[in-house]
Trainee: 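Please see the structure below; I have some questions.
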Amino acid sequence: AALFFIGVAVAQDVSVRSDHPDEYVVVKGDTLWDISGRFLDKPWQWPAIWHANPQIENPHLIYPGDVISLVYVDGVPQLRVNRGGTKKLSPSVRVSDRDAIYAIPYDKIKPYIRTIQVLSPEDYEGLPYIVANNDQRHNATNSDQTYARGLDAQVGQEYAIARLSNIYDDMGDGQIRRVLPKDGWKQVPNVWDSQEDIFNTVSPWNRRPKNPVGYEMVVVSRVRVAQAGEISVLDIIQDRTEVKPGDLILPWQDEGYESVFYPKAMDTVPEGLRVLATSGQKSGVGLYSIIAMNGGSNDGIEPGHVFAAFRKGAVMADEVGYREGSFSKDAEVRLPEVYDGIVMVFRTFDDISYAMVMGGSRVVAEYDVLRHPDMRP
């Protein structure tokens, strides 16, 4: 279910857009964030000024056809929803709770909250694994059988098959970096410190991470134990992609996940917070894309927390000043940070969180610094 937050928060710091409409009629495909962006300079502030018409039976939901208006009460702005307004949907159009408007595009984050898990090193070590597929095939799919080693299970129990996608590693300087689980060595420029610094992202099969803080796992399949033993026989009963030897086995978790997000800013943003990975190109990702960040519940980060992403300026030699004789040959300058976009956290683990890009003037990229959203231009 989706959902406006009904609260009594103080709104003295809420900034209203100078070009806001007097009212807006909700249409299918809207999000609460987008609607709020029509009225507020900072869309994440909508929970502070949301008020529902008391005649509405269920004020926690808004639907296509509802009328959102901005009014002032004793000089304080309020966003109001009116289901009994003059503007309505055609009588032939009916809505249900399934038509309710989400805070953010839930379909974009659903794969991440239902298939992504970040395990601690203690939970990761010693996991049972797929040793082979039926007929020794490289891939197995729905209705096939596969074989697990190290699984202490009973017939009929269900498990998730997961694949290691990233390792988040503290390289010894307090900064968490990503180790790519691919064969071979790969070097990536470390723009976090300077253009000359380079750190290695190394296959976990070539070396163990120096100080791993989390193992990112992607669930690829669901299986049921058909025969228990030292080598267990598993029936694949649901799959997102093929099962391969080397895939790992996790307990199946079928609990629901929160789909209500109340955006808010942290009072104090942890030092050193930055983007670890993006769901698209390394050069950056745009609206409604997903990023991973190096902070989690251990840092007080919660779903709904909003951050501004800034591109850290590169360190470069001032060749112009050197040619003109103004500076020495070794003179270097650091270019200033540039604002990229706004992200909102939707899932947290101990030391890692996932967030969605909610807007901005540029793409959000790996190594972007995350700061308080009020620091955006």
Side-chain angles (χ1 to χ4, degrees), residues 1-5 7 29-37 42-48 50 60-62 100-119 162 165-166 168 176 178 214-219 240 253-266 269-270 273-280 284-309 340-360 363-366 368 370-373 376:
L3 343 139
F4 261 158
F5 173 71
D30 277 341
T31 66
L32 303 187
W33 185 288
D34 294 338
I35 293 172
S36 302
K42 302 173 182 179
W44 62 89
Q45 293 183 324
W46 62 257
W50 175 253
H60 295 272
L61 304 178
I62 66 169
I101 300 301
Y102 281 89
I104 60 177
Y106 186 71
D107 61 315
K108 302 289 186 181
I109 65 172
K110 185 177 179 180
Y112 289 86
I113 64 177
R114 292 194 176 275
T115 64
I116 296 288
Q117 295 188 42
V118 178
L119 304 182
S165 56
N166 286 304
Y168 296 111
I176 298 174
R178 183 168 60 136
Y215 291 81
E216 181 186 86
M217 310 292 295
V218 178
V219 174
R240 294 181 60 251
Q253 298 179 350
D254 201 19
E255 73 274 12
Y257 291 95
E258 187 61 72
S259 60
V260 183
F261 301 97
Y262 305 141
K264 53 190 177 292
M266 298 186 74
V269 175
L273 205 62
R274 64 187 178 95
V275 176
L276 290 177
T278 62
S279 59
V285 293
L287 186 65
Y288 301 151
S289 296
I290 309 301
I291 63 101
M293 52 190 282
N294 65 330
S297 56
N298 286 342
D299 305 290
I301 296 174
E302 302 172 352
H305 274 146
V306 178
F307 301 93
D340 279 345
I342 288 287
V343 302
M344 189 187 81
V345 174
F346 61 85
R347 194 171 187 200
T348 61
F349 296 91
D350 289 347
D351 299 295
I352 305 295
S353 295
Y354 295 89
M356 171 177 278
V357 179
M358 301 305 301
V363 295
V364 175
E366 291 185 13
D368 274 7
L370 298 174
R371 305 197 185 281
H372 195 284
R376 68 161 196 164

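Just so it is clear, the values below take in all heavy atoms, side chains as well, and ignore hydrogens, waters and symmetry mates.
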Trainee: When Y354 is tested against each of V343, V118, V345, T348 for side-chain contact (heavy atoms from CB on, under 4.5 Å), which residue passes?
Mentor: V118
Trainee: Over 60° means perpendicular and under 30° means parallel, so tell me whether F346 and Y112 are parallel, tilted or perpendicular.
Mentor: perpendicular
Trainee: Let me confirm one number: the CG-CE distance from L287 to M358, rounded to the nearest 0.5 Å.
Mentor: 7.0 Å
Trainee: Under 3.5 Å, is there a donor-acceptor pair between the side chain of D350 and the main chain of N298?
Mentor: no
Trainee: Quick one: which of D340, V363, V357, I290 gives a side-chain contact (heavy atoms from CB on, under 4.5 Å) with V285?
Mentor: V357
Trainee: Given side chain to side chain contact (heavy atoms under 4.5 Å, CB included), test D368 with F307 step by step and report yes or no.
Mentor: CA-CA 11 Å; D368 274 7; F307 301 93; over 6 Å; no
Trainee: CE/M266 to CG/D299 distance, rounded to the nearest 0.5 angstrom?
Mentor: 7.5 Å
Trainee: Shortest non-hydrogen contact from V218 to R240?
Mentor: CG1-NH1, 3.7 Å
Trainee: Do the ring planes of Y262 and W46 sit parallel (below 30°), tilted (30 to 60°) or perpendicular (above 60°)?
Mentor: perpendicular
Trainee: Give me the atom names and distance for the closest heavy-atom approach of I342 to P373.
Mentor: CD1-CB, 4.1 Å
Trainee: With rounding to the nearest 0.5 angstrom, report the CD to CZ distance, E216 to R178.
Mentor: 8.5 Å
Trainee: Give me the atom names and distance for the closest heavy-atom approach of V306 to P263.
Mentor: CG2-CB, 3.9 Å
Trainee: Do you know which two heavy atoms are closest between A309 and V364, and how far apart they sit?
Mentor: CB-CG1, 4.0 Å
Trainee: Rounded to the nearest 0.5 Å, how far does CD of Q117 lie from CZ of R347?
Mentor: 6.5 Å
Trainee: Return yes if some donor-acceptor pair links the side-chain N/O of S279 with the main-chain N/O of I291 below 3.5 Å, else return no.
Mentor: no
Trainee: Taking the side chain from S353 and the backbone from G295, do they hold a donor-acceptor pair closer than 3.5 Å?
Mentor: yes
Trainee: Begin with the C-alpha distance, continue with both residues' side-chain angles, and end with the deciding distance and a verdict on side chain to side chain contact (heavy atoms under 4.5 Å, CB included) for H305 and M344.
Mentor: CA-CA 6 Å; H305 274 146; M344 189 187 81; over 6 Å; no
Trainee: Got a sec, which residues hit side-chain contact (heavy atoms from CB on, under 4.5 Å) with P105, two or more places apart in sequence or on another chain?
Mentor: T31, D107, K108, Y288, M356
Trainee: Which atom names give the shortest non-hydrogen contact between D351 and I176, and what distance separates them?
Mentor: O-CD1, 4.2 Å
Trainee: From I301 CD1 over to L273 CG, what is the distance, rounded to the nearest 0.5 angstrom?
Mentor: 4.5 Å
Trainee: Before you tell me yes or no, could you show the steps for R371 and V269 under side chain to side chain contact (heavy atoms under 4.5 Å, CB included), namely the whole-Å CA-CA distance, both residues' side-chain angles and the distance that decides it to 0.1 Å?
Mentor: CA-CA 6 Å; R371 305 197 185 281; V269 175; 5.6 Å; no
Trainee: Which pair of non-hydrogen atoms, one from K264 and one from P303, has the smallest distance, and what is that distance?
Mentor: NZ-O, 3.0 Å
Trainee: Checking side chain to side chain contact (heavy atoms under 4.5 Å, CB included) for the pair I62/D30: CA distance, chi angles, key distance, verdict?
Mentor: CA-CA 10 Å; I62 66 169; D30 277 341; over 6 Å; no
